[in-house]
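Structure first, then comments.
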Amino acid sequence: MLSLILFDVDDTLMDYKAAESAVLRRIFAQNGKEADPAALEDLWGLSWHYWDLHQLSQTWREEVQREYHRRYHAAVLAYCAAMREKYALNMEADALYERFNAFMADAVTLYDDALPVLSALQSRFTIGIASNA
């Protein structure tokens with residue numbers, strides 16, 4: 001008998017791209033700039049470039065599991081440094097990294113049906129939520 005349902009967070013319960021876009025708009029605003037749709041698309045691709053470069057989607061690999069937090073830090077820091085250079089942002093990469101992580105907590109954008117589904121299931125199942133974020 002099924003007793004546990006495990007949900008992934010990013011792009012299952014939460015619209016990660018919308019959240020990252022909101023974070024980038026705030027970061028750009030703090031740097032006196034506007035993140036237009038073309039820049040947001042470019043940055044989305046750049047983000048994935050560093051995610052893949054640091055093998056962060058390969059969480060089944062033991063080496064990635066052991067070094068996940070170090071790899072995440074390196075990937076996001078490199079992403080922030082590239083963003084700073086490409087878009088002439090005035091904050092240092094470390095400051096951009098700190099803001100990126102801090103703003104992400106405020107930018108969580110749940111899909112409209114996420115809470116109703118979880119509420120409907122919670123009385124019949126144990127609900128778990130997991131993420132490699």
Side-chain angles (χ1 to χ4, degrees):
M1 170 182 224
L2 182 66
S3 62
L4 169 72
I5 300 175
L6 186 62
F7 289 90
D8 180 39
V9 175
D10 294 339
D11 297 326
T12 301
L13 299 175
M14 168 188 147
D15 184 341
Y16 184 84
K17 188 173 184 180
E20 186 169 302
S21 293
V23 166
L24 294 173
R25 281 189 207 93
R26 283 182 73 183
I27 286 173
F28 270 56
Q30 286 191 343
N31 282 267
K33 301 199 178 260
E34 183 180 338
D36 63 30
L40 291 173
E41 271 309 304
D42 176 57
L43 289 165
W44 181 248
L46 192 62
S47 173
W48 276 107
H49 167 74
Y50 287 104
W51 194 260
D52 290 340
L53 186 67
H54 292 272
Q55 303 171 333
L56 289 166
S57 357
Q58 299 177 24
T59 54
W60 65 88
R61 293 180 47 222
E62 237 178 88
E63 176 186 347
V64 174
Q65 291 170 12
R66 272 194 318 274
E67 300 176 349
Y68 190 85
H69 293 288
R70 183 194 62 75
R71 287 172 183 249
Y72 174 87
H73 176 80
V76 177
L77 188 59
Y79 171 52
C80 289
M83 179 188 345
R84 177 184 190 270
E85 183 176 324
K86 187 168 190 175
Y87 290 95
L89 302 179
N90 56 15
M91 289 180 190
E92 294 298 323
D94 287 341
L96 293 170
Y97 172 87
E98 293 301 322
R99 284 195 170 72
F100 183 90
N101 286 316
F103 292 165
M104 188 57 77
D106 295 332
V108 171
T109 307
L110 295 177
Y111 289 115
D112 292 340
D113 58 355
L115 289 179
V117 166
L118 294 173
S119 294
L121 295 172
Q122 75 176 352
S123 64
R124 298 183 2 225
F125 303 98
T126 299
I127 303 294
I129 298 172
S131 178
N132 61 342

Original post:
What pair of heavy atoms forms the shortest contact from Leu96 to Arg84, and how long is it?
Top reply: CD1-CB, 3.6 Å
Original post:
Who passes ring pair (Phe, Tyr, Trp, His ring centres under 6.0 Å) against Tyr97, sequence neighbours left out?
Top reply: His73
**OP:** Would you name the heavy atoms of Leu46 and Met83 that are closest together and state the gap between them?
**Re:** CD2-N, 4.2 Å
Listed pairs under 3.5 Å, donor-acceptor, residues 104-129 side chains, sequence neighbours left out:
unit_1, atom_1, unit_2, atom_2, d
Asp106, OD2, Arg26, NH1, 3.4
Thr109, OG1, Ala107, O, 2.9
Ser119, OG, Leu115, O, 3.0

Original post:
Among all residues two or more places apart in sequence or in another chain, which pass the side-chain contact (heavy atoms from CB on, under 4.5 Å) test with Asp94?
Top reply: Leu77
**OP:** Without swapping roles, check the side chain of Asp36 against the backbone of Ala38 for a donor-acceptor pair under 3.5 Å.
**Re:** yes
Original post:
Listed by chain and number, what are the ring pair (Phe, Tyr, Trp, His ring centres under 6.0 Å) partners of Tyr87, not counting sequence neighbours?
Top reply: Phe28
Subject >> Closest non-hydrogen atom pair, Ala93 against Cys80 >> reply: O-CB, 3.8 Å
Original post:
Which residues satisfy the side-chain contact (heavy atoms from CB on, under 4.5 Å) test with Arg99, sequence neighbours excluded?
Top reply: Ile27, Gln30, Met91, Ala95, Phe103
Original post:
Closest approach of Asp10 and Asp8, non-hydrogen atoms and distance?
Top reply: O-OD2, 3.1 Å
**OP:** Report yes if some heavy atom in the side chain of Leu40 is under 4.5 Å from a heavy atom in the side chain of Arg25; otherwise report no.
**Re:** yes
Original post:
With sequence neighbours excluded, what pairs up with Glu63 under the side-chain contact (heavy atoms from CB on, under 4.5 Å) test?
Top reply: Arg61, Arg66, Glu67, Arg71
Original post:
Got a donor-acceptor contact below 3.5 angstrom from the Ser21 side chain to the Lys17 backbone?
Top reply: yes
Subject >> Nearest-0.5 Å distance that lies between atom CG in Leu43 and atom NE2 in His49 >> reply: 13.0 Å
Subject >> Geometric class of the Tyr50/Tyr79 ring pair [parallel <30°, tilted 30-60°, perpendicular >60°] >> reply: tilted
Original post:
Minimum heavy-atom separation for Ala88 to Lys33, with atom names?
Top reply: O-CE, 3.1 Å
Original post:
Parallel, tilted or perpendicular for Trp44 and Tyr16, by the 30°/60° rule?
Top reply: tilted
